[in-house]
2 protein chains.
Amino acid sequence: MTEFAARIDKARAAIAASGVDALCLSLGSDLPYLTGYAAMMSERLTMLVLPVDGDAVLVVPELEAPRVDTSHGIFGLRPWGETEDPVAVVDRLLGGADVVAIGEETWSTFLLGLQQRDEHRTWIGAGAMMSGLRVIKSDAEISALRTAAAVADGVQMALRSQQWSGRSERDVSNEIRDRLIRGGHESAKFAIVGSGPNGASPHHEASSRVIQRGDAVVCDIGGHQDGYASDTTRMFVVGEPPSGFDDAFEVLREAQQAAVEHVRPGVTAESVDQAARGVIADAGYGEYFIHRTGHGIGMDTHEHPYIVEGNETVLEPGMAFSIEPGIYLPGEWGMRLEDIVAVTGGGAERLNTTDRSYTVVD
Amino acid sequence: MTEFAARIDKARAAIAASGVDALCLSLGSDLPYLTGYAAMMSERLTMLVLPVDGDAVLVVPELEAPRVDTSHGIFGLRPWGETEDPVAVVDRLLGGADVVAIGEETWSTFLLGLQQRDEHRTWIGAGAMMSGLRVIKSDAEISALRTAAAVADGVQMALRSQQWSGRSERDVSNEIRDRLIRGGHESAKFAIVGSGPNGASPHHEASSRVIQRGDAVVCDIGGHQDGYASDTTRMFVVGEPPSGFDDAFEVLREAQQAAVEHVRPGVTAESVDQAARGVIADAGYGEYFIHRTGHGIGMDTHEHPYIVEGNETVLEPGMAFSIEPGIYLPGEWGMRLEDIVAVTGGGAERLNTTDRSYTVVD
């Protein structure tokens with residue numbers, strides 16, 4: 001049995017256990033996780049219909065049918081032509097299904113269309129059941145994450161010997177994307193370059209701001225390699241660090257280290273958050289750490305388990321997530337350090353291994 | 001009044017006319033069209049709540065709040081913290097709204113969450129009302145599309161003097177993405193390089209296949225510049241064209257030309273499709289033209305009006321769309337020619353202006 005066939009069997013068992021009659025997957029990583037095929041994001045619906053006791057069928061736009069590998073035989077193909085209504089096609093495939101689970105990222109327009117065609121069906125989110133399948137990574141998956149992390153690490157290392165001052169954030173960001181692709185990534189999903197005060201906006205996009213001496217720069221980069229995500233943040237300082245930066249950075253390093261050291265099977269996700277947050281709060285920076293400590297990673301950059309207060313998920317070997325505390329002083333500077341870690345039998349393996357000191361650049 | 005404030009007023013008038021109490025917009029271009037702010041695609045909900053008679057509020061993850069420009073005063077900001085439930089925040093903002101329109105690309109997980117919180121509300125798709133606002137472009141929008149098209153045209157021109165044989169599709173595709181970015185695009189959304197038999201898969205992604213003499217290559221490229229999309233397809237032939245290619249290509253050029261010449265105010269979208277399809281069918285290639293003739297374009301690469309059988313939308317000045325017939329012989333070759341056109345007072349302006357002959361390359 002192929003890995004995909006085994007995964008589909010597990011998905012079928014999961015929906016049966018939940019009292020669900022069929023699973024519908026469209027955009028997002030659940031579909032390629034089960035089948036190897038990723039839906040294209042567009043107004044043309046792609047949807048796998050997996051009945052609890054019947055053959056799986058992939059409903060796909062006719063012009064995209066040539067992209068689909070069906071040699072594995074794990075699903076049938078139902079191409080729909082440009083003048084057909086794909087929602088009607090899915091509705092007919094669902095037949096008498098009363099309870100249907102639908103992938104989290106499916107566009108609402110398709111869910112509403114399906115709901116209107118049969119008002120007696122109950123729709124539930126497929127998120128919990130699918131993340132239940134995906135949250136424990138196989139050795140091959142951890143290896144893929146390790147490879148992706150190594151490429152991102154290589155880019156962070158290469159940035160150390162570059163000229164920074166006088167260049168726009170966007171220019172550095174474009175260099176990062178280019179280096180990720182040349183390193184083997186099939187996509188460079190983000191390349192945050194937050195310089196000076198822009199660093200205080202955690203999800204800042206690279207702008208036309210010209211990097212100058214005295215800037216601290218948040219560099220948070222990632223993409224996908226062979227279907228698995230990379231995500232790592234390092235700090236760069238152009239010349240001299242800004243006022244107050246060094247003291248806070250020591251706190252940040254300690255917080256990140258404390259959280260990594262806390263990771264082991266049996267502890268909760270929220271306790272890892274607390275391990276980092278406690279260090280930052282004790283040093284008086286608590287109000288400046290405005291996001292969770294981390295997120296799971298795999299085929300998606302963000303997936304379960306989320307390392308956040310309230311998440312009582314107990315860690316198990318094979319889980320993988322980021323540990324990325326930050327401190328953000330509005331109008332002044334920001335800082336974040338991020339590694340991906342995999343839970344092992346006795347603790348955590350860091351998949352990102354570059355030096356966590358900030359790098360002084362010109 | 002700013003342009004955004006005027007658009008929000010129009011949206012409010014549209015929802016009032018539809019008997020809708022509130023509009024909820026998340027992912028996709030509807031939100032930046034109305035506000036200038038685009039939601040980040042993630043598991044953290046961003047949603048504008050626009051009541052028919054009340055102030056608009058943008059619900060946004062706290063860590064992304066620094067990215068939001070609120071100086072225009074057209075919406076209030078409701079940042080939500082990492083331990084809050086954003087669906088509950090939106091539900092409270094909706095208050096007594098009975099009928100709510102939701103953006104097409106909103107993830108199902110959020111729609112299901114909102115439906116479960118108040119089972120008496122009726123949810124409808126916001127697609128038709130939002131495309132009603134967006135389908136007629138202003139002069140400034142047509143100008144933005146013209147600029148984006150010119151950059152993509154420049155990339156197609158540059159490809160004419162490159163070496164093709166011996167390079168992988170992916171290598172050429174990466175060059176295209178790089179050139180689009182260097183030309184000023186903020187994103188290179190796609191760079192289809194379909195060589196030889198791969199060209200017969202209309203949405204083929206660039207692969208490791210090495211381009212060789214005798215290949216015809218479909219080159220369909222686009223991205224975004226200043227928020228507006230580019231999308232153009234040209235054909236390249238490495239050395240000598242494959243058997244049967246020249247005859248079919250003459251038919252394709254005629255079909256594309258016939259469709260462009262057919263465009264003018266007052267004709268239907270489907271009649272433009274028929275103008276291209278008729279030429280191809282009459283020449284005996286009908287079964288190999290497996291997609292609609294085109295799609296609207298603006299902030300989205302694909303939007304209304306779709307140039308497809310069954311779409312009786314009557315064209316008006318200010319509409320913009322692609323005209324991109326294709327002929328695909330499975331296992332052998334494919335071909336497509338694509339220009340963006342804007343409907344004018346008396347006909348159509350082509351925004352892509354490079355030569356539509358195929359280019360012979362080495």
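Numbered from 1 within each chain, the chains take letters A, B, ... in sequence-line order.
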*Any idea which of B:Thr83, B:Ile102, B:Leu111 has the most non-hydrogen atom pairs under 4.5 angstrom with chain A?*
B:Leu111
*How would you list, by chain and number, every residue that makes a side-chain hydrogen bond (donor to acceptor under 3.5 Å, both in side chains) with A:Ser108, sequence neighbours excluded?*
none
*May I ask you to establish whether B:Arg67 and B:Tyr37 are in a cation-pi arrangement, using a distance under 6.0 Å from NZ or CZ to the six-membered ring centre and at most 45° from the ring axis?*
no
_Contacts of A:Glu62 that satisfy salt bridge (Lys or Arg N to Asp or Glu O under 4.0 Å) - sequence neighbours left out_ = none
*Give me the contact list for residues 297-313 of chain B versus chain A, heavy atoms only, anything under 4.5 Å, ordered by residue number.*
B:His302, B:Tyr306, B:Val308, B:Glu309
*Can you find a heavy atom in the side chain of A:Thr46 that is under 4.5 Å from one in the side chain of A:Met40?*
no
_Applying a heavy-atom distance below 4.5 Å, give me the residues of residues 169-190 of chain B that approach chain A, sorted by number._
B:Asn174, B:Ile181
*Are side-chain heavy atoms of A:Leu63 and A:Arg44 found at a separation under 4.5 Å?*
yes
*Least distance between heavy atoms, A:Ser208 atom then A:Ser168 atom*: O-CB, 3.8 Å
_Need one label for A:Ile290: side chain, backbone, both or neither, based on atoms under 4.5 Å from any heavy atom in chain B._
both
*CE of B:Met130 to CG of B:Leu25: how many Å apart, nearest 0.5 Å?*
5.5 Å
*With distance as the sole test, does B:Asp273 use its side chain to make a donor-acceptor pair with the main-chain N or O of B:Arg292 at under 3.5 Å?*
no
*Pairs of heavy atoms under 4.5 Å with chain A: top-ranked of B:His295, B:Gln115, B:Gln116, B:His204*: B:Gln115
_Measuring from atom CD1 of A:Ile327 to atom OH of A:Tyr288, what distance do you get when rounded to the nearest 0.5 angstrom?_
10.5 Å
*Do B:Glu324 and B:His291 have a side chain donor and acceptor closer than 3.5 Å?*
no
_Contact origin within A:Leu27 toward chain B - heavy atom pairs under 4.5 Å_ = neither
*Rounded to the nearest 0.5 Å, how far apart are CD of B:Glu104 and OG of B:Ser26?*
13.0 Å
*So, the side chain of B:Ser18 versus the backbone of B:Val20: is there a donor-acceptor pair under 3.5 Å, distance only?*
no
*Region of B:Glu43 that comes under 4.5 Å of a non-hydrogen atom in chain A*: side chain
